[in-house]
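Structure record follows, encoded as structure tokens.
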Number of protein chains: 2
Amino acid sequence: MMGTRDRLLTATNELFRRHGYNGTSLKQVTAAAAAPTGSLYHFFPGGKDELTLAVITTSGETYRQLFELIADAAADPANAVTDFFEAAATVLEETDYIDPCPIGTIAREVASTNESLRQGTDRVFTSWIDAATSRFEGQGIPRDTAQQLATTLVAALEGGFVLARAKRDAEPLRTVGRSMRDLVDQAMETVTAK
Amino acid sequence: MMGTRDRLLTATNELFRRHGYNGTSLKQVTAAAAAPTGSLYHFFPGGKDELTLAVITTSGETYRQLFELIADAAADPANAVTDFFEAAATVLEETDYIDPCPIGTIAREVASTNESLRQGTDRVFTSWIDAATSRFEGQGIPRDTAQQLATTLVAALEGGFVLARAKRDAEPLRTVGRSMRDLVDQAMETVTAK
DNA sequence: GCTCTACTAGAGTGATCGTTCTAGTCATTG
DNA sequence: CAATGACTAGAACGATCACTCTAGTAGAGC
């Protein structure tokens with residue numbers, strides 16, 4: 001069985017994906033994790049803020065690793081992109097349209113009210129954009145173009161989650177993925193043309 | 001002076017843009033609108049849900065009109081897109097990075113917990129996508145391509161809000177706007193080539 | 001000038017929020 | 001075996017939540 005700290009983390013992650021940051025109470029968290037309140041404040045003395053920051057950081061890192069994994073497995077950058085959006089769409093369908101990513105929701109909820117959490121979400125997005133930028137640069141795409149592409153990719157992914165969840169249909173995510181492939185193809189053309 | 005109903009609507013809209021749906025209390029709303037609780041329930045007997053749905057619907061319509069306005073004023077579809085993202089970026093900077101759009105946040109907060117609000121957000125996104133699709137079709141872009149482009153545009157916009165607010169910097173929004181212009185140019189090329 | 005409806009006004013409801021606190025269990029270490 | 005630190009356990013706190021309720025004001029229509 002998972003340790004109490006990990007149970008708290010995964011329970012919070014899932015609750016955030018369903019109800020967001022403000023919509024999730026610590027009572028729900030302790031109930032879902034089968035942990036007493038005392039344990040929560042033992043592992044996260046800073047309370048909800050510290051717990052949330054831990055969820056943002058760890059799940060941000062998990063997604064970055066997942067991205068690298070998919071990128072490694074793909075035949076080329078364009079396929080990596082489609083694969084990633086396809087994977088996200090499948091997760092969405094298989095989980096009754098729970099948000100695949102808690103971070104985007106939290107980011108918008110706390111950006112104006114909680115500076116440390118805002119910075120936490122920013123660090124995660126930046127790490128994703130940096131990871132994707134490196135990949136594209138490795139394919140010969142110039143730094144500027146690679147960065148623009150990576151930023152757009154992350155934005156389109158987060159935006160795709162919004163649309164797909166509102167629609168209760170993963171189609172927008174796949175549609176957006178197709179556009180992202182077009183964008184990557186376009187960028188790769190200028191490289192191979194050299 | 002604005003009527004009480006309108007004051008409630010605009011106050012709620014702004015509070016949602018700062019703190020989201022679950023982060024906004026009705027006490028904050030009545031205080032900001034300088035309206036008593038009784039008036040809130042007089043105009044919105046359904047309480048917070050009905051008020052929220054009204055905010056979603058009215059501000060969704062406002063944004064659709066704004067899009068049409070900018071599209072009308074622009075020289076061509078590509079410029080319309082850049083203008084729209086530029087306008088969003090400017091609003092963000094001038095409002096201390098308050099969310100330009102309350103709907104995306106609400107959509108993710110309530111998608112799994114409030115069916116009528118989820119449908120409300122879906123209707124708004126669909127109306128935006130339909131409006132953009134019509135524009136692109138009017139330029140000779142085939143329906144399928146136009147729909148894909150419009151969906152990607154809305155997703156990229158919402159995702160751009162997430163990144164820009166997390167970063168407290170409008171740059172990601174402008175960067176994403178540039179990619180969207182590339183995408184529109186790409187689609188227009190196949191049209192004029194005919 | 002009376003009546004009726006629209007609206008204002010805010011105190012009060014029970015429920016739930018994040019957090020604190022005290023008490024206790026249990027394995028490890030001297 | 002005594003003692004220490006890590007962790008469990010949940011009752012209790014004041015604050016705040018969405019919402020209800022009663023009372024009162026004001027303007028329109030007759």
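Worth saying up front: this structure is predicted, and the values here are computed from it rather than measured. Convention: sequence-line order gives letters A, B, ...; per-chain numbering from 1.
- As a whole-Å value, the separation of B:Lys27 NZ from C:dG12 P is 13 Å.
- In the set C:dG10, D:dA18, C:dA6, the nucleotide with an atom closest to the side chain of B:Thr37 is C:dG10.
- Using a cut-off of 4.0 Å between Lys/Arg side-chain N and Asp/Glu carboxylate O, B:Arg168 and B:Asp96 are scored as salt-bridged.
- The nearest whole Å value for the distance from the CZ atom in B:Phe44 to the C1' atom in C:dC7 is 14 Å.
- Salt bridge annotation for B:Arg17-B:Glu14: absent, with no cationic side-chain nitrogen under 4.0 angstrom from a carboxylate oxygen.
- Across all strands, B:Thr30 comes closer than 4.0 Å to no nucleic acid atom at all (heavy-atom distances).
- Figure legend: cation-pi geometry between B:Lys167 and B:Tyr97 absent, as NZ or CZ is not positioned both under 6.0 Å from the six-membered ring centre and within 45° of its axis.
- Distance, A:Leu26 CG to C:dA15 P: 21 Å, rounded to whole Å.
- OP1 or OP2 of D:dT8 sits under 4.0 Å from a side-chain N or O of A:Thr4.
- Among the heavy atoms of the strands lying under 4.0 Å from A:Gly47 are primed sugar atoms or P, OP1, OP2 only; no base atom is included.
- The phosphate of C:dC17 (OP1 or OP2) has a side-chain N or O of A:Ser25 nearer than 4.0 angstrom.
- To the nearest angstrom, P of D:dC19 lies 11 Å from CD of B:Glu50.
- Within 4.0 Å of B:Tyr41, counting heavy atoms only, lies at least one base atom of the nucleic acid.
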Quick test: give all pairs of protein nitrogen or oxygen and nucleotides 22-29 of chain C nitrogen or oxygen below 3.5 Å, distance rounded to 0.1 Å.
none

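- Comparing atom distances between the A:Ser39 side chain and each of C:dC7, D:dG10, D:dC7 picks out D:dC7 as nearest.
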CA sep, side-chain torsions, deciding dist, call: A:Gln147, A:Thr133, side-chain hydrogen bond (donor to acceptor under 3.5 Å, both in side chains):
CA-CA 5 Å; A:Gln147 255 170 354; A:Thr133 302; 5.2 Å; no
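- Salt bridge present: A:Arg64 and A:Glu61 bring a charged side-chain N and a carboxylate O closer than 4.0 Å.
- If you measure from atom CZ of B:Phe43 to atom C1' of C:dA9, you get 14 Å, rounded to the nearest angstrom.
- Look at A:Glu109 and B:Arg165 and you find no salt bridge, because none of the NZ, NE, NH1 or NH2 atoms lies under 4.0 Å from a carboxylate O.
- Straight-line distance from the CG atom of B:Leu8 to the P atom of D:dA18: 14 Å, rounded to whole Å.
- For the pair B:Asn22 CG and C:dG18 P, the interatomic distance rounds to 11 Å; values are reported in whole Å.
- Rounded to whole Å, atom P of D:dC21 lies 17 Å from atom NE2 of B:His42.
- Comment: B:Asp99 engages A:Arg108 in a salt bridge, judged by a side-chain N to carboxylate O separation of less than 4.0 angstrom.
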